[in-house]
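Here is the naming used below: chain letters follow the sequence lines, and residue numbers restart at 1 for every chain.
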Number of protein chains: 2
Amino acid sequence: MTVTIYDVAREAGVSMATVSRVVNNNPNVKPQTRKKVYEAIERLGYRPNAVARGLASKKTTTVGVVIPDIANANFAEVARGIEDIANMYHYNIILCNADKRKDKEIRVINTLLEKQVDGLLFMGGAVTDEHVQAFNTSNVPIVLCATTDEKGVIPSVDINHEEAAFDAVNRLIAEGHRSIAMISGTLQDPANGFARYHGYKRALEQAGIPYREEYVRNGNYKYESGIEATQYFLSLPERPTAIFAATDEMAIGSIHALQDNGLSVPADVSVISVDNSRMASMIRPLLTTVAQPMYDIGAVSMRLLTKLMKKESVDHAKVILPHELIVRRSVAAPKA
Amino acid sequence: MTVTIYDVAREAGVSMATVSRVVNNNPNVKPQTRKKVYEAIERLGYRPNAVARGLASKKTTTVGVVIPDIANANFAEVARGIEDIANMYHYNIILCNADKRKDKEIRVINTLLEKQVDGLLFMGGAVTDEHVQAFNTSNVPIVLCATTDEKGVIPSVDINHEEAAFDAVNRLIAEGHRSIAMISGTLQDPANGFARYHGYKRALEQAGIPYREEYVRNGNYKYESGIEATQYFLSLPERPTAIFAATDEMAIGSIHALQDNGLSVPADVSVISVDNSRMASMIRPLLTTVAQPMYDIGAVSMRLLTKLMKKESVDHAKVILPHELIVRRSVAAPKA
DNA sequence: CTGTTAGCGCTTTCAA
DNA sequence: TTGAAAGCGCTAACAG
């Protein structure tokens, strides 16, 4: 039924070993022999069985990727970065959604390891001891992608979320704002949530602006929660002159809530966020936001993983990619 | 180093076969024996090797997915549908981006087949004879996802793009519009491009509205091309009262181009499209658009594939999922 | 209910 | 430069 390396060997009048050498581009084969083998392969329509190869060689040229949700634009962008570089190094990707749920994360880590992936790329929620423990049940290299572990023991590539938020809020302060509200993510989320909230607080502190409880509202990263939070801010006796949203989507919700209430952005209220998603340049006014290099996070972490898999030495196993403030039109000085 | 089924067998004082039975939940094992085996597994930290299992059983519980671009929101949504159902049936997904480029598509189909996937889900550009030929080099079931082959021989799940476009344009006509422009995709693309263009033409025809060359402008699905096309329409001596865009993104570009030119949507010009992406409800005015059930396309095609992989009989191997017009606020009657 | 025994298709020493 | 042979870790008859 299926043609194997053995069939090719017989057809070409050589041994299996030689066919194997040809298929794997081993230079120690006489050109003439090589030609014979190629012809036999062609004639028989031979296709190497990667599973058998994997068993024999203990390498699958496959890496596992655990991702919170591939339908999320940010993660999809990371995934694309991963795949492009993987491709370049002839690796394939097994993709598993885990929705930032610890049990699911642990489970997929294990099935990925069962599949004998050569390496693992992990994006998720907090990286707990339990995760680390799961990682340690095997020797395959791991890199954390767009997250870090608290202990800082696992290689990772990420941006500095705290600093990104800090920069965004500082921009508002530089413009003259003193009444700055924040639409945050869930504070349980270490990266998008907690760190950004802290950046906000630090910026306020540094500028000597008192922190006000009622100026912080938790959202769920989504458009609707941006609307909801903004409506709440508008109901306050003293409404903020600027709003910092932890994500573009919430910022857009905020802008629309403002506009739907007859307010103008940025004339009446300024809005800033972090992400720089496609949508940031697809609304009016164009959104000022801090760009996160999602594609690069994926690409760099995959590149790092290839090095780890080849046991190459790696100088810094913790890489922080730079973010950048993209100034567009949603921020202006507060009204006098 | 690594603990194998053999080690477990020895530790538990049974044969490999018995361990295998336990691991695979074969009911023919005395509960007591089962318990002994589980304990040995626990003690040794045994983790089955899926590669070895794959070689022996000729099943990898892995399916290959070729996708144009995971960073594209529509495809990412499909991918999520696929993954969820795959998960449910205990399959894993190997994901390959192929950018709708035939050479890349053929290449990844082959590497996926080398990896001995149990099934293949294909999303891409046109499905040519060359594709079919590549599919036929193996016996693994294939299903086309959000595409169809011209010959109609391969199982597939998709929506009726022509009809979706037809419905959208009809809505405009029902509203009283007679000057309807279209921002199309590239006509080489069978689904999003050509079919939607045809739906547009057919709707016009049926309503007895003459087709006008200058009212059709090719875009590339992106926001910017929606802007560009709309600016062109506005430069026409007789400008259209309504615009049909082949994608939401182009529609949003169109709306902004209109607004940036001081026109109001829908008071001055109506805009309609197809996709119903998240963004459709994240702009002002809210976009009227035909919803494509992307997640379901993924889910249903994966479900179909599981049946094919189990050699279950399948009544209809060509499934067309229903689309639906989502009426929001970007369409109104033309000015008198 | 359990064990024995062949492979699955390939890579990889080791010799020649 | 080539071949022989021993596995890689597991499943799947088959026998008992």
Side-chain angles (χ1 to χ4, degrees), chain A residues 1-38 40-41 44-62 111 113-118 138-140, chain B residues 1-38 40-41 44-62 90 111 113-118 137-140:
Chain A
M1 195 68 244
T2 57
V3 13
T4 75
I5 201 173
Y6 179 74
D7 301 317
V8 176
R10 231 191 359 194
E11 173 83 8
V14 299
S15 71
M16 289 168 50
T18 300
V19 177
S20 176
R21 289 192 187 96
V22 171
V23 170
N24 293 297
N25 281 312
N26 183 317
N28 297 335
V29 180
K30 210 197 299 178
Q32 204 187 107
T33 316
R34 185 180 300 275
K35 185 154 171 290
K36 271 198 309 192
V37 172
Y38 274 135
I41 287 176
L44 266 37
Y46 169 69
R47 164 187 291 144
N49 180 326
V51 172
R53 176 183 290 175
L55 183 58
S57 68
K58 297 177 167 302
K59 279 182 179 3
T60 54
T61 61
T62 302
T111 87
L113 258 17
E114 280 186 10
K115 298 238 175 191
Q116 312 299 120
V117 293
D118 294 338
S138 96
N139 296 317
V140 317
Chain B
M1 193 71 245
T2 56
V3 12
T4 74
I5 201 173
Y6 179 75
D7 300 319
V8 177
R10 230 189 3 192
E11 174 83 9
V14 300
S15 71
M16 291 167 48
T18 300
V19 178
S20 176
R21 289 193 187 95
V22 171
V23 171
N24 294 296
N25 281 314
N26 184 318
N28 299 334
V29 179
K30 210 197 300 178
Q32 202 187 108
T33 316
R34 185 182 300 277
K35 183 150 171 291
K36 273 197 310 190
V37 173
Y38 274 134
I41 286 176
L44 266 35
Y46 169 68
R47 164 185 291 144
N49 180 326
V51 173
R53 175 182 291 173
L55 183 58
S57 68
K58 297 175 167 303
K59 281 186 178 358
T60 54
T61 60
T62 303
H90 303 292
T111 87
L113 258 16
E114 281 186 11
K115 297 239 174 189
Q116 312 299 120
V117 293
D118 294 339
T137 57
S138 96
N139 297 316
V140 318

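Both Thr18(B) and Ala52(B) lie close to DNA chain C; mapped to their nearest nucleotides by heavy-atom distance, the more 5′-ward contact belongs to Thr18(B).
The side chain to side chain donor-acceptor pair (under 3.5 Å) analysis of residues 50-60 of chain A, with sequence neighbours excluded, yields the pairs Thr60(A)-Asp118(A). The salt bridge (Lys or Arg N to Asp or Glu O under 4.0 Å) analysis of residues 20-34 of chain A, with sequence neighbours excluded, yields no pairs.
Residues of residues 7-17 of chain A that place a heavy atom closer than 4.0 Å to DNA chain C, in numerical order, are Met16(A), Ala17(A). Looking at residues 27-37 of chain A, you'll see Asn28(A), Val29(A), Lys30(A), Thr33(A) sit with a heavy atom under 4.0 Å from some atom of DNA chain D. Taking every heavy atom of residues 53-60 of chain A and every atom of DNA chain C, pairs under 4.0 Å involve Arg53(A), Ala56(A), Ser57(A), by number.
Between the OG1 atom of Thr2(A) and the CG atom of Asn139(B) there is a distance of 9.5 Å, given to the nearest 0.5 Å. The OG1 atom of Thr33(A) sits 11.5 Å away from the CG atom of Asn28(A) when rounded to the nearest 0.5 Å. Note that CG of Leu44(A) is 12.5 Å distant from CD1 of Ile5(A), once rounded to the nearest 0.5 Å.
Atoms CG (Asn25(B)) and C1' (dT11(D)) sit 15 Å apart, rounded to a whole Å. Here the P atom of nucleotide dC10(D) and the CG atom of Asn26(B) are 17 Å apart, to the nearest Å.
The side-chain hydrogen bond (donor to acceptor under 3.5 Å, both in side chains) test applied to Ser15(B) returns Thr18(B), not counting sequence neighbours. Shown here are the side-chain hydrogen bond (donor to acceptor under 3.5 Å, both in side chains) partners of Ser20(B), two or more places apart in sequence or in another chain: Asn24(B). Taking Ala12(B) as the reference, Val14(B), Val37(B), Ala40(B) meet the side chain to side chain contact (heavy atoms under 4.5 Å, CB included) condition, with sequence neighbours excluded. Shown here are the side-chain hydrogen bond (donor to acceptor under 3.5 Å, both in side chains) partners of Asn26(B), two or more places apart in sequence or in another chain: there are none. Checked against side-chain hydrogen bond (donor to acceptor under 3.5 Å, both in side chains), Thr62(B) has the following partners two or more places apart in sequence or in another chain: Lys115(A).
Closest approach of Tyr38(B) to Asn25(B), counting heavy atoms only: OH-OD1, 4.0 Å. The minimum heavy-atom distance between Gln116(B) and Val51(A), with the atom names listed, is CG-CG2, 3.5 Å. Residue Ser138(B) comes nearest to Arg47(A) through the heavy atom pair CB-NH1, 3.9 Å, listed as atom of the first residue, atom of the second, then distance.
Residue Asn49(B) places no side-chain N or O under 4.0 Å from the OP1 or OP2 atom of dC8(D). For Tyr46(B) and dC10(D), the shortest distance from a side-chain N or O to OP1 or OP2 is below 4.0 Å.
Nucleic acid contact class of Ser20(A) (heavy atoms, under 4.0 Å, all strands): base.
Residues Val3(A) and Val8(A) meet the side-chain proximity criterion, which asks for heavy atoms closer than 4.5 Å. Put simply, the side chain of Ile41(B) reaches to within 4.5 Å of the side chain of Val23(B), judged on heavy atoms. Two residues are said to be in side-chain contact when any heavy atoms from C-beta on lie closer than 4.5 Å; Val22(B) and Val19(B) fail this criterion.
Applying the 3.5 Å distance criterion, the base of dG3(D) shares a donor-acceptor pair with the side chain of Arg21(A).
With a heavy-atom cut-off of 4.0 Å to chain B, the contacted part of DNA chain C has its first and last nucleotide at dC1(C) to dG9(C).
Between its two ends, the helix from dC1(C)-dG16(D) to dA16(C)-dT1(D) turns its axis by 30°, counting five pairs per end and rounding to 10 degrees.
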